[in-house]
2 protein chains.
Amino acid sequence: MGATKTEHFTSKQNSIATIAKALGHPARVAILEYLMKVDSCICGDIVNELPLAQPTISQHLKELKNAGLIKGNIEGNAICYCVDEKTIARMLQYLEAINQKIEMKKLKCC
Amino acid sequence: MGATKTEHFTSKQNSIATIAKALGHPARVAILEYLMKVDSCICGDIVNELPLAQPTISQHLKELKNAGLIKGNIEGNAICYCVDEKTIARMLQYLEAINQKIEMKKLKCC
DNA sequence: AATCTTTATTGTAATATTGCAATATAAAAT
DNA sequence: ATTTTATATTGCAATATTACAATAAAGATT
């Protein structure tokens, strides 16, 4: 059929996948990195920085926001976007747990 | 057009996105978790474990392999798949770096 | 109030992903 | 040698994603 069978997986699996999926596009990785680099973080800057049209960037920002990776505050007619540390931390902890398990069992196979 | 403009981003951004994208599906997260849980890691087991058809799982395994998240050894007529710790570590380090930067600048905006 | 600036939304075309039935491949067991 | 077991590939339909032009919305500036 073509649609992800979300309902067959745990909510944790789905939520990790959602975060990872949002990180799964180089433009969104670049946006995150840019938001980290500058102190003021306004969409217009990003449009000047990246080789993508303004609607495309707006859409990528929306996806990052839906996944909880960034948050945005309205400041006058501009919007201040910045990285949401909680979601980064969640993903980080997940990978740390995997990493620890790998070290513990030290590859019985492969 | 619809195709990701890979060429406009750095190879690091693309490679992080590739790893994240492979993690960006709950079935692939579940496969990774299953590979971690069991000691023997053979595709047939995964088919019994997950509510997806064998070709679908085979395809997900291929994508995880292409992204470097798992590696597979042929063992007789079965294949022993397991998590590739190097790629997990790369993603982990990337997120750790972001996390540290966030802590350093402690949110000048938002 | 008219205009400018900044961001979002809509519509649409191109492309990619997801999922599976059917089939292929290849080693193991009989 | 045939059959069984384990995995991969092909082909295809359904759906999702990516990108952008055109347009809308909403606060700021004049």
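Letters A, B, ... mirror the listed sequences (proteins, then strands); counts begin at 1.
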Can you measure [X] atom [atom1] to [N] atom [atom2] for me and round it to whole angstrom units?
X       : N      : atom1 : atom2 : answer
A/Ile31 : D/dA19 : CD1   : C1'   : 13 Å
B/Glu7  : D/dT18 : CD    : C1'   : 13 Å
B/Asp45 : D/dA6  : CG    : C1'   : 11 Å
A/Gln59 : D/dA16 : CD    : P     : 14 Å
A/Leu64 : D/dT18 : CG    : C1'   : 14 Å
A/Leu61 : D/dT18 : CG    : C1'   : 15 Å
B/Asn66 : C/dT17 : CG    : P     : 11 Å
A/Ile70 : C/dT7  : CD1   : P     : 12 Å

Base, sugar-phosphate alone, or nothing: which one does [X] contact when heavy atoms must sit under 4.0 Å apart?
X       : value
B/Lys21 : sugar-phosphate
A/Glu63 : sugar-phosphate
A/Leu52 : sugar-phosphate

Of the candidate nucleotides [options], which contains the atom at the shortest distance from the side chain of [X]?
X       : options                : result
A/Ala78 : C/dG19, C/dT7, C/dA22  : C/dT7
B/His60 : C/dA22, D/dA22, C/dG19 : C/dG19
A/Thr4  : D/dT18, C/dT18, C/dC20 : C/dT18
A/Ser58 : D/dA19, C/dT9, D/dA8   : C/dT9
B/Ala3  : D/dC20, C/dT15, C/dT18 : C/dT15

Exercise for review: Return the orientation label for the B/His25 and B/His60 ring planes: parallel under 30°, perpendicular over 60°, tilted otherwise.
Suggested key: tilted
Practice item. Indicate yes or no: does A/Glu33 engage B/Lys101 in a salt bridge with an N to O separation below 4.0 Å. Key: no
Review point. Should A/Tyr81 be listed as having a side-chain N or O under 4.0 Å from OP1 or OP2 of C/dT6?
Key: no
Review point. Using a cut-off of less than 4.0 Å, is there contact between a side-chain N or O of B/Thr56 and OP1 or OP2 of C/dC20?
Key: yes
Review point. Does A/Glu103 use its side chain to pair, donor to acceptor, with the backbone of A/Gln100 at less than 3.5 Å?
Key: no
Review point. Is there a donor-acceptor pair closer than 3.5 Å between any side-chain N or O of B/Asp84 and the backbone N or O of B/Leu69?
Key: no
Exercise for review: Begin with the C-alpha distance, continue with both residues' side-chain angles, and end with the deciding distance and a verdict on salt bridge (Lys or Arg N to Asp or Glu O under 4.0 Å) for B/Lys71 and B/Glu85.
Suggested key: CA-CA 10 Å; B/Lys71 48 191 173 182; B/Glu85 72 272 28; 3.8 Å; yes
**Study point:** DNA chain D: 5'-proximal contact among A/Ala53 and A/Asn77 (nearest heavy atom)
**Key:** A/Ala53
**Study point:** Donor/acceptor link under 3.5 angstrom from B/Gln54 side chain onto base of D/dA8
**Key:** yes
